[in-house]
There are 2 protein chains.
Amino acid sequence: MCDCPHSPQGGTILLPGHTNVTKVKLPVTQENCRPVAPILARVGDKWSILVVMILSQGPRRFNDLKRNIDGISQRMLTLTLRGLERDGLVTRTVFPTIPPRVDYALTDLGHSLCVPVTGLGKWAMANIDTIERSRAEFDARSED
Amino acid sequence: MCDCPHSPQGGTILLPGHTNVTKVKLPVTQENCRPVAPILARVGDKWSILVVMILSQGPRRFNDLKRNIDGISQRMLTLTLRGLERDGLVTRTVFPTIPPRVDYALTDLGHSLCVPVTGLGKWAMANIDTIERSRAEFDARSED
DNA sequence: CCGAATCCGCGAGGATACTG
DNA sequence: CAGTATCCTCGCGGATTCGG
């Protein structure tokens, strides 16, 4: 990806040199980012990230999650959890009782995802005011 | 947001205490995350993040961007750039020449966004193999 | 070259009803 | 309780055309 902030040209990757490691500049293209895209799609997904954040507090049952995520439909919660489980971010544990009980919990991988996501969250919290002001100004300029 | 990895219960925020600072547990709800959601939506957007990454290398012209982002339509590039400009992440500079020329560049805010996004990118690069393996296994279990 | 405007297909996602 | 199945709509986004 990129070596922001303010790198004028190119990201850097590490390639094995002779005995040392050499840094090689290469342009940022969709080639480099392609494998990252599906991850970003998951993180950027409206519901996935909420589920992960809530599960970071500990395991939850299905309806417990549903109650705590305002506006999510049964269907979307199911699909979201399936996707997270498929990616190995969440475990699904079924207790064959009556009535049935299913616990969802973050895997280690899921927990590790919280780190960069929290970083993004902090950036968002720190800059939300600036952004909303920018939006307001932009919209004011547009309407005439 | 959350204090992963592996915080068993609750995130922490800092509240001003008497002379010291006290840590207060509070649940992660969509209340806490609401202001963050639109930011994540932007970051998670398929095109936005690619544009930001490419612009992190330096200013680009419209068609230059278009050529470097495989598969993006003119319309979506325009909309994406407008959104980024509106959020104050990108500047749009028009040179009234013939033919016209428009340069797009990251603002300081845009550059600062690269930092957490790069963090996420590194996580993705580091775990893409694990995730794809997990997906393959999950799909194998499903088909029967 | 840069963009706005229009049309249109399609798939994400909500609502509802039904099962184990 | 924890899903699955079906229907239906609504808006995202591609293709195309026109304007400055």
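As the structure is a computational prediction, the values presented were derived from the model and not from experiment. Naming convention: chains lettered A, B, ... in sequence-line order (proteins, then strands); numbering from 1 in each chain.
Counting only heavy atoms from C-beta outward, the side chains of B:V90 and B:L106 approach each other to under 4.5 Å. No side-chain heavy atom of B:T93 sits less than 4.5 Å from a side-chain heavy atom of B:P59.
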*asked:* Show, in sequence, the C-alpha distance, side-chain angles and deciding distance for A:T118 and A:S56, and conclude whether the side-chain contact (heavy atoms from CB on, under 4.5 Å) test is met.
replied: CA-CA 11 Å; A:T118 301; A:S56 73; over 6 Å; no

*For side-chain contact (heavy atoms from CB on, under 4.5 Å), just list the numbers for B:S112 and B:L109, CA-CA rounded to whole Å, side-chain angles, deciding distance to a tenth of an Å, and then say yes or no.*
CA-CA 5 Å; B:S112 76; B:L109 187 63; 4.0 Å; yes

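Taking each heavy atom of B:P99 and B:T97 in turn, the nearest pair found is O-OG1, 2.8 Å. The shortest heavy-atom contact between A:R92 and A:V94 is NH1-CG2, 3.7 Å.
Residue A:Y104 has no polar side-chain atom (N or O) positioned under 4.0 Å from OP1 or OP2 of D:dC1. Neither OP1 nor OP2 of D:dA2 sits under 4.0 Å from any side-chain N or O of A:R101.
B:F138 and A:L81 fall into different hydrophobic clusters, defined by Ile, Leu, Val, Met, Phe, Trp and Tyr side-chain heavy atoms under 4.5 Å apart, directly or through other members. No path of Ile, Leu, Val, Met, Phe, Trp and Tyr side chains, each step under 4.5 Å between heavy atoms, connects B:F95 with B:Y104, placing them in separate hydrophobic clusters.
Listed by residue number, the members of residues 81-99 of chain B with any heavy atom below 4.0 angstrom from DNA chain C are B:R82, B:R92, B:P99.
Taken from OG in B:S134 to CG in B:D139, the straight-line distance is 9.0 Å, to the nearest 0.5 Å. Summarising the geometry, atom CZ belonging to A:R86 is positioned 11.0 Å from atom CZ belonging to B:R141; distances are rounded to the nearest 0.5 Å.
From the 5' end on, the contacts that DNA chain C makes with chain A at under 4.0 Å to a non-hydrogen atom open and close at C:dG13 to C:dG20.
Axis angle, first five pairs versus last five pairs of the helix from C:dC1-D:dG20 to C:dG20-D:dC1: 40°, rounded to 10°.
Without hydrogens or angle criteria, B:T78 side chain to B:Q74 main chain gives a donor-acceptor distance under 3.5 Å.
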*Letter per nucleotide, 5' to 3', of nucleotides 8-20 of chain D [B base touched, S only sugar-phosphate touched, - untouched; heavy atoms, 4.0 Å]*: -----BBB-B--B

Which pairs would a plain distance check flag for residues 36-55 of chain B, meaning a side-chain donor or acceptor within less than 3.5 Å of a matching protein atom at least two apart in sequence or in another chain?
residue : atom : partner : partner atom : Å
B:R42   : NE   : B:D87   : OD2          : 2.5
B:R42   : NH1  : B:S48   : OG           : 3.0
B:D45   : OD2  : B:S48   : N            : 3.0
B:D45   : OD2  : B:S48   : OG           : 2.7

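The separation between A:D103 atom CG and D:dA2 atom P is 8 Å, rounded to whole Å.
Partners of B:R82 under the salt bridge (charged side-chain N to carboxylate O under 4.0 Å, His left out) rule, at least two apart in sequence or in another chain, do not exist in this structure.
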